[in-house]
Trainee: 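Dropping the structure in here first, questions after.
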There are 2 protein chains.
Amino acid sequence: MGLIVQKFGGSSVADAAKVLNVAKIVTDTYRAGNDVVVVVSAQGDTTDDLIAKANEINPAASKREMDMLMTAGEQISISLLAMAIESLGFPVVSLLGWQAGFNTSSAYGSARIKKIENDRLRAELDRHNIVVVAGFQGINKYDDVTTLGRGGSDTSAVAIAAAMHADRCQIYTDVEGVFTADPRKVSHAKKLKEITYDEMLELATLGAQVLNNRSVEMAKKYNVEIEVRSSIQKDVPGTIVKEVAKMEKMLIRGVTKDTDVARISVKNISNNPGEAFKMFAKLAQKKINVDIILQSVGRNNTKDITFTVSKANAQDAVAAILDTFDMDESDIVCDTEVAKISIVGAGMESHPGTASKMFEALYEHNINIDMISTSEIKISVLIPLKDADKAVSAVHDAFYPA
Amino acid sequence: MGLIVQKFGGSSVADAAKVLNVAKIVTDTYRAGNDVVVVVSAQGDTTDDLIAKANEINPAASKREMDMLMTAGEQISISLLAMAIESLGFPVVSLLGWQAGFNTSSAYGSARIKKIENDRLRAELDRHNIVVVAGFQGINKYDDVTTLGRGGSDTSAVAIAAAMHADRCQIYTDVEGVFTADPRKVSHAKKLKEITYDEMLELATLGAQVLNNRSVEMAKKYNVEIEVRSSIQKDVPGTIVKEVAKMEKMLIRGVTKDTDVARISVKNISNNPGEAFKMFAKLAQKKINVDIILQSVGRNNTKDITFTVSKANAQDAVAAILDTFDMDESDIVCDTEVAKISIVGAGMESHPGTASKMFEALYEHNINIDMISTSEIKISVLIPLKDADKAVSAVHDAFYPA
């Protein structure tokens, strides 16, 4: 008995049968005595179809018109889900982003939610309606339609849960929850019962594509408990994301792999103060995110700087460096055959042996470590791409013996 | 130099090439120094695709959710057209029905426009934007999305022209204008330069599917001049629909054929007062529109009543009559193998020979006349369906000798 917000992604509503499956989950929750607000994304391939239509006409279309186009996707999915719920005999109403009160910033394509005016949502729940809300969308101060950017429907769901003081926010996906490693790759990966917001943020950043990062940040800010669970395995409990989580005798929460990494080494930078700053300022100006950074002393009063960026940014980064320094192209080495393996866990800080346990596992499997980066709840290493899957298994086995 | 409203139907924006063609027409008009508001329908098959999706999930979906679904169609077409106009280098903005200020009645699926709050439209034109507006849609007092019903985009265009005091409202179609007969069937059918609202209303009702009736009624009410013209033959002038039109030495404005007709004959109704009233009251209650009515005296102090309805209503009409009178089913004859041929022209009233000229043409071609109905500007006859095309040609040739 309470208010439950449920979010279903595009693959969960991809066809008529799946829409009816979602309608069953929603109405079961409603029948159990709960108020239910459902947030849905556009159907599976609708988004791709719409982008293809736009590209055929104008590949450089304005973001405003792209948002106008893309938001038709959720409009289709909310009305179809509402029709499915009607067919099961339950009272329901679908609402677009603006009808549900989503006020956003003006940045088309990547708007931020500023406020949810929840009068309409509240009124529909008071009428005992199941409310189906279009995720990913809102309106800005010009009364123009905006989108929240990739994974925005997760954020829509958490924002509604926060604005309506919901008892729970359930994010339905095609996996059962958050695992200690990718269960398709590591056979004895374990599903986590609980995980903290900070750990989830590290896992999300590191490539465990379960929850959108912005949604976890918002959940942390407003203390919304998220449950990640499967839309297929309906009766299996998922993973709860919350402020403080039990450790279940685990030292780490998970092992992740990120292969969208390129390592750039810049040699023979003159050892004057500010040289490194100049380079990273230039990269920031080009909106290139730099991840791990390593600086070492080179020959003849020079230094070498090595850092990682996403593969898509690698060429731009090299160009930006050549722009900054008057240097030979041969002084810059860009390697895309690398991967980043990370372990995440809020408890590792108080267990000094964590890092050495990870390094030992890699050493025992003959995997060379290129770079190392650590934070309070995370240790990342850069290794050769070809060893990535072997490394995840080795590290996972070290912490969770089979 | 003025404000021109242009409307393009679904077939005119069916694919990328057609959308770009429309963008050229629009920007040519803008470049000539005009303010331009463009109204578009959903792309060719989008509407059918969306209806198929709905039917797969819930064939009895509520009209509210159907409207939510269907209006995504124009959202897609307005954004694509705006992108095409952007690609030609012109300033443009697309607006949904609610953004363009379309306030409608609450009747989902067949809402009426109550008012256009044109502040946003006005502001966008002041910014020298070409404004692309979603036809067919609006919002009701609950802030819910509504649709105007079949052909609603014509009405949207005329409503904007009226609200903005536009200098002209151009309805682009796949024909060059309004013809004296269907040019695909009658080889020497002539395009009309002008036609009155009333004549256009009769032609539209009678099956010349060029302009939606409601839009002509609205144009007449607000004295909006409509020009029907081709989106393919760009330089060919179309047909102007206005209050008073020159007759161009023509006695009639056109010949039309309507094959969506069923004739129902009810025999042996007792000759008491009120019997016919009872029957037609019952049909009205079932929302069945009755067209031509003929009453004759039968045997034994009874009367026979014959009338026409649309084919879709025929079975319901028969059922309603059996409901009203305690009569034998054999007393009711329903014939769907009939067609209605009509001639329309504001001048025919002052030319007594018009009707006889029509009847003579049919007689000369051995076509039997079943029923006759006349109004001030129209004469309709019911004939066998198999003779319909022959009848149109015969009548057309009589009034417009080749």
Side-chain angles (χ1 to χ4, degrees), chain A residues 13 15-20 23 42-43 46 49-50 52-62 64-88 91-96 98-101 119-120 123-124 132 134 139 142-145, chain B residues 13 15-20 23 42-43 46 49-50 52-62 64-88 91-96 98-101 119-120 123-124 132 134 139 142-145:
Chain A
V13 290
D15 57 37
K18 286 181 174 172
V19 170
L20 285 162
Q43 284 189 298
T46 306
D49 288 351
L50 292 176
K53 270 176 188 273
N55 284 343
E56 205 183 343
I57 285 172
N58 183 357
S62 68
R64 181 195 185 274
E65 297 302 335
M66 281 305 289
D67 279 4
M68 181 66 97
L69 180 67
M70 303 307 291
T71 49
E74 296 89 43
Q75 184 163 349
I76 294 170
S77 60
I78 57 169
S79 51
L80 292 177
L81 177 55
M83 290 174 194
I85 292 170
E86 284 176 351
S87 77
L88 299 178
V92 62
V93 66
S94 69
L95 297 179
L96 296 165
W98 66 270
Q99 292 174 318
D119 313 14
R120 177 77 190 262
E124 296 295 350
V132 182
I139 50 167
Y142 308 111
D143 268 2
D144 278 346
V145 178
Chain B
V13 291
D15 56 39
K18 288 182 173 171
V19 171
L20 284 162
Q43 285 190 296
T46 306
D49 288 351
L50 292 176
K53 271 175 186 273
N55 283 342
E56 204 182 346
I57 285 171
N58 183 356
S62 69
R64 180 194 186 275
E65 297 303 336
M66 280 306 288
D67 279 2
M68 180 67 97
L69 179 67
M70 303 307 291
T71 49
E74 296 90 45
Q75 184 163 349
I76 293 170
S77 59
I78 57 169
S79 51
L80 292 177
L81 178 55
M83 290 174 194
I85 292 171
E86 284 176 351
S87 77
L88 299 177
V92 63
V93 66
S94 69
L95 297 179
L96 296 165
W98 66 269
Q99 292 173 317
D119 313 14
R120 177 76 190 263
E124 296 295 350
V132 182
I139 49 168
Y142 307 112
D143 269 1
D144 277 346
V145 179

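Heavy atoms only: backbone and side chains are in, while hydrogens, waters and symmetry mates are out. A note on names: the letters A, B, ... follow the listed sequences, proteins ahead of strands, and every chain is numbered from 1.
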Trainee: Is chain B contacted by the side chain of A:L95, its backbone, both, or neither, given a heavy-atom distance below 4.5 Å?
Mentor: both
Trainee: Given a strict heavy-atom distance threshold of 4.5 Å, which part of A:I139 is in contact with chain B: side chain, backbone, both, or neither?
Mentor: side chain
Trainee: Need one label for A:S77: side chain, backbone, both or neither, based on atoms under 4.5 Å from any heavy atom in chain B.
Mentor: neither
Trainee: Just so I understand: if I count every heavy-atom pair under 4.5 Å between each of B:K53, B:M70, B:E74 and chain A, which residue has the most?
Mentor: B:K53
Trainee: Please state whether the side chain, the backbone, both or neither of A:D144 comes within less than 4.5 Å of a heavy atom of chain B.
Mentor: both
Trainee: Write down the atom of B:E86, the atom of A:A61, and the distance for their closest heavy-atom approach.
Mentor: OE1-CA, 3.5 Å
Trainee: Non-hydrogen atoms of chain B under 4.5 Å away: do they reach the side chain of A:M66, the backbone, both or neither?
Mentor: both
Trainee: Indicate yes or no: at least one non-hydrogen side-chain atom of A:L69 is less than 4.5 angstrom from one of B:M83.
Mentor: yes
Trainee: In chain order, what residues pass the side-chain contact (heavy atoms from CB on, under 4.5 Å) check against A:A72, with sequence neighbours excluded?
Mentor: B:A72, B:Q75, B:I76
Trainee: Using the test salt bridge (charged side-chain N to carboxylate O under 4.0 Å, His left out), find all partners of A:E65 that sit at least two apart in sequence or belong to another chain.
Mentor: none
Trainee: A:Q43 versus chain B, heavy atoms under 4.5 Å apart: side chain, backbone, both or neither?
Mentor: side chain
Trainee: Side chain, backbone, both or neither: which part of A:Q99 has a heavy atom under 4.5 Å from chain B?
Mentor: side chain
Trainee: Tell me, for A:V132 versus chain B, whether the close heavy atoms (under 4.5 Å) come from the side chain, the backbone, both or neither.
Mentor: neither
Trainee: Closest heavy-atom contact between A:I57 and B:A16?
Mentor: CG1-CB, 3.7 Å
